Amino acid sequence: MSVTPAEAGQVFVNPAAYADPEFFHRACAVLRRDDPIHLVEHPDFAPFHVITKHADVLEIELHNKEWENAPRPVIANLEADRRRQEQGDLLRTLIHMDDPDHRTYRGLTAEWFLPKNLAKLEARLAELATHSAQRMVELGGRCDFARDIAMQYPLQVILSILGLPETDYPRMLKLTQELFGSADPELSRGVSMEDLIAVIQDFFAYFSELTEARKAQPTDDLASVIANATVDGAPIGLMEQISYYVIVATAGHDTTASAMAGGLQALIEHPDQLARLQADPSLLPSAVDEMIRWVTPVKHFMRNATTEYTLRGHTFRPGDAVLLSYPSANRDEEVFTDPFSFDVGRSPNKHLAFGFGVHYCLGAMLARMEIKALLAEILPRLHHIELAGEPAEMQTLFVGGLKRLPISYEMV
Ligand code: HEM
């Protein structure tokens with residue numbers, strides 16, 4: 001069945017469309033071919049253009065003076081837009097900031113995310129990955145990989161880098177799912193704006209306690225860096241502090257979990273690629289990036305024009321918003337050979353799943369290390385794996401992937 005550009009454009013405002021990747025990608029392919037800068041109009045959303053070509057996403061991300069994150073860094077409906085205009089943003093994270101603040105606040109933790117510091121985490125990652133593989137064995141050859149393993153392991157990593165006790169993991173799992181799953185009735189606390197505000201208030205309460213503890217007694221964890229951070233000699237505000245914890249706790253969780261679950265599904269559905277990877281572990285780094293490209297867990301970010309800007313013959317006006325479609329850019333036929341084939345040895349693989357430019361994902365290296373550690377633990381022990389039911393995708397407009405991946409397997 002063919003899709004018109006007008007129908008295709010509606011996928012970006014329909015959480016259920018992202019839960020149907022086959023349809024979603026068909027819609028993006030139509031836009032890349034027929035209307036790569038497409039105006040999306042919907043009664044519940046302020047109009048925006050969706051950018052579907054890899055080269056155009058790259059160009060906009062690189063021109064961060066002309067294209068800012070504020071005031072609309074991610075898509076929000078008119079009710080949320082109105083609330084933000086009246087009361088301001090609920091959070092002020094790196095993704096809400098532009099230069100010069102963005103550079104200053106990113107600089108506070110940039111060193112912590114450098115390879116030299118992350119290398120110290122190798123042993124902890126290996127330990128958590130072994131624990132996950134062990135859990136698969138304990139589950140007796142059948143599990144929901146998305147829920148039982150992929151959702152748990154990255155959260156354990158994030159909470160251990162923040163220095164939180166294991167007893168708090170269930171509480172944090174619930175809160176992050178409620179925040180990112182707010183468009184999915186199965187995961188969200190409720191559908192109203194009040195429900196979302198209540199989730200954010202719970203984050204505030206939790207992380208305020210953490211800040212006090214790390215101010216009183218700093219350790220070498222990331223929470224201590226955030227709690228004791230200063231700008232121009234003065235401590236950063238509570239809002240900026242809490243926002244920092246929230247972005248680390250959330251940006252590093254569902255994203256990595258979705259890449260792992262979707263990556264495993266791709267391996268199951270491409271047994272030749274699984275066998276190839278098991279036979280040649282030197283392919284692990286390229287396999288990890290291919291999984292991340294394949295899934296592209298962050299579905300978009302938005303940018304807002306600060307000036308007149310012409311792209312592909314279309315002239316934007318100051319205040320115009322664009323939605324950068326990372327999943328579409330990552331299937332762009334002009335950049336990727338055979339973009340719809342899953343190739344664990346893909347090289348080059350210039351995917352944009354981590355974005356580009358000044359906002360490039362701060363945790364990209366950590367995410368790659370985590371996924372590699374898990375695969376390195378599971379794959380050598382895995383003798384057989386298959387789907388044991390229907391996988392289900394989360395409904396979302398922003399971050400997401402599989403919420404269920406029932407599998408059966410033989411593992412030692
Ligand atoms: C596969 C996993 C991940 C994916 C696909 C992903 C993707 C992204 C994307 C697309 C952006 C926006 C980039 C842009 O605007 O150009 C971003 C930003 C960010 N990510 Fe990730 N991410 C992942 C894992 C992580 C992890 C593990 C962490 C940290 C623990 C993290 C922390 C952040 C932060 C702090 C930002 C904001 C950076 C800024 O605005 O300067 N991410 N990520």
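When a ligand or atom number is given, it counts from 1 through the structure's own listing order. Please read all numbers here as calculations on a predicted model, not as lab measurements. Just so you know, residue 1 is the first one in the sequence shown, and it goes up from there.
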*asked:* With heavy-atom distances below 4.0 Å as the criterion, list the atoms of ligand 1 near Tyr326.
replied: 10 (C), 14 (C), 15 (O), 16 (O)

*For this output row, return yes or no: ring centroids of Tyr105 and Tyr244 closer than 6.0 angstrom.*
no

*Got the closest protein heavy atom to atom 37 (C) of ligand 1, with its distance?*
Ile95 CG2, 3.8 Å

*Atoms of ligand 1, numbered as shown, that sit under 4.0 Å from any heavy atom of Arg106*: 38 (C), 39 (C), 41 (O)

_Please report the interatomic distance OG1(Thr256) to CE(Met369), rounded to the nearest 0.5 Å._
12.0 Å

*Which residue holds the protein heavy atom closest to atom 18 (C) of ligand 1, what is that atom called, and what is the gap in Å?*
Cys361 CA, 3.6 Å

*With sequence neighbours left out, which residue pairs that include part of residues 55-64 fulfil the side chain to side chain donor-acceptor pair (under 3.5 Å) condition?*
Asp56-Arg312, Glu59-Tyr309, Glu61-Arg303, Glu61-Tyr326, His63-Tyr309

_Out of all atoms in ligand 1, which are within 4.0 Å of some heavy atom of His102? Include the element for each._
39 (C), 40 (O), 41 (O)

*Side chain of Glu178, backbone of Val199: donor and acceptor closer than 3.5 Å?*
no

*With atoms numbered from 1 as shown, which atoms in ligand 1 lie under 4.0 angstrom from a non-hydrogen atom of Glu61?*
14 (C), 15 (O), 16 (O)

_Would Arg317 and Glu308 count as a side-chain contact (heavy atoms from CB on, under 4.5 Å) here? Give the steps._
CA-CA 5 Å; Arg317 310 273 163 227; Glu308 218 170 73; 2.6 Å; yes

*Shortest protein heavy-atom distance from atom 6 (C) of ligand 1, along with the residue and atom involved*: Phe354 CD2, 3.6 Å

_Shortest protein heavy-atom distance from atom 15 (O) of ligand 1, along with the residue and atom involved_ = Arg303 NH2, 2.8 Å

*What protein heavy atom sits nearest atom 27 (C) of ligand 1, and how far off is it?*
Gly252 CA, 3.4 Å

*Does ligand 1 have an atom that lies less than 4.0 angstrom from a heavy atom of Ala353?*
yes

*Kindly state whether the ring of His300 and the ring of Phe12 have centres lying under 6.0 angstrom apart.*
no

*Ignoring hydrogens and angles, state whether a donor on the side chain of Ser286 or Ser347 is under 3.5 Å from an acceptor on the partner side chain.*
no

*Would His49 and His38 count as having a side-chain donor-acceptor pair, cut-off 3.5 Å?*
no

*Heavy-atom nearest option to atom 3 (C) of ligand 1, drawn from Val288, Thr255, Leu222*: Thr255

*So, Arg276 versus Gln273: side-chain donor-acceptor pair below 3.5 Å or not?*
yes

*asked:* Please list the nearest protein heavy atom to atom 36 (C) of ligand 1 with its residue and the distance rounded to 0.1 Å.
replied: Leu362 N, 4.1 Å

*Heavy-atom closest contact (Leu78 atom, Ala46 atom, distance)*: CD2-N, 3.6 Å

*asked:* If we count only N and O atoms by modelled type, under 3.5 Å, do the side chains of Thr250 and His253 hold a donor and an acceptor together?
replied: no

_Atoms of ligand 1 close to Leu366 [distance to a heavy atom under 4.0 angstrom, numbered from 1]_ = 30 (C)

*Sub-4.0 Å heavy-atom contact, Met291 with ligand 1*: no

*Quick one: which ligand 1 atoms are inside 4.0 Å of a heavy atom on Gly355?*
10 (C), 13 (C), 14 (C), 16 (O)

*asked:* Applying a heavy-atom cut-off of 4.0 Å, say which part of Ile158 lies close to ligand 1: side chain, backbone, both or neither.
replied: side chain

*For atom 11 (C) of ligand 1, which protein heavy atom lies nearest, and how many Å away is it?*
Phe301 CE1, 3.6 Å

_Ionic contact status for Arg346 with Asp289, cut-off 4.0 Å_ = no

*Any idea which of Ala251, Ala259, Gly401, Ala367 brings a heavy atom closest to atom 25 (C) of ligand 1?*
Ala251

_Residue Phe356 vicinity, atoms of ligand 1 by number, heavy atom under 4.0 Å_ = 16 (O)

*Please report which non-hydrogen protein atom sits nearest to atom 40 (O) of ligand 1, along with the residue it belongs to and the distance in Å to one decimal place.*
His359 ND1, 2.6 Å

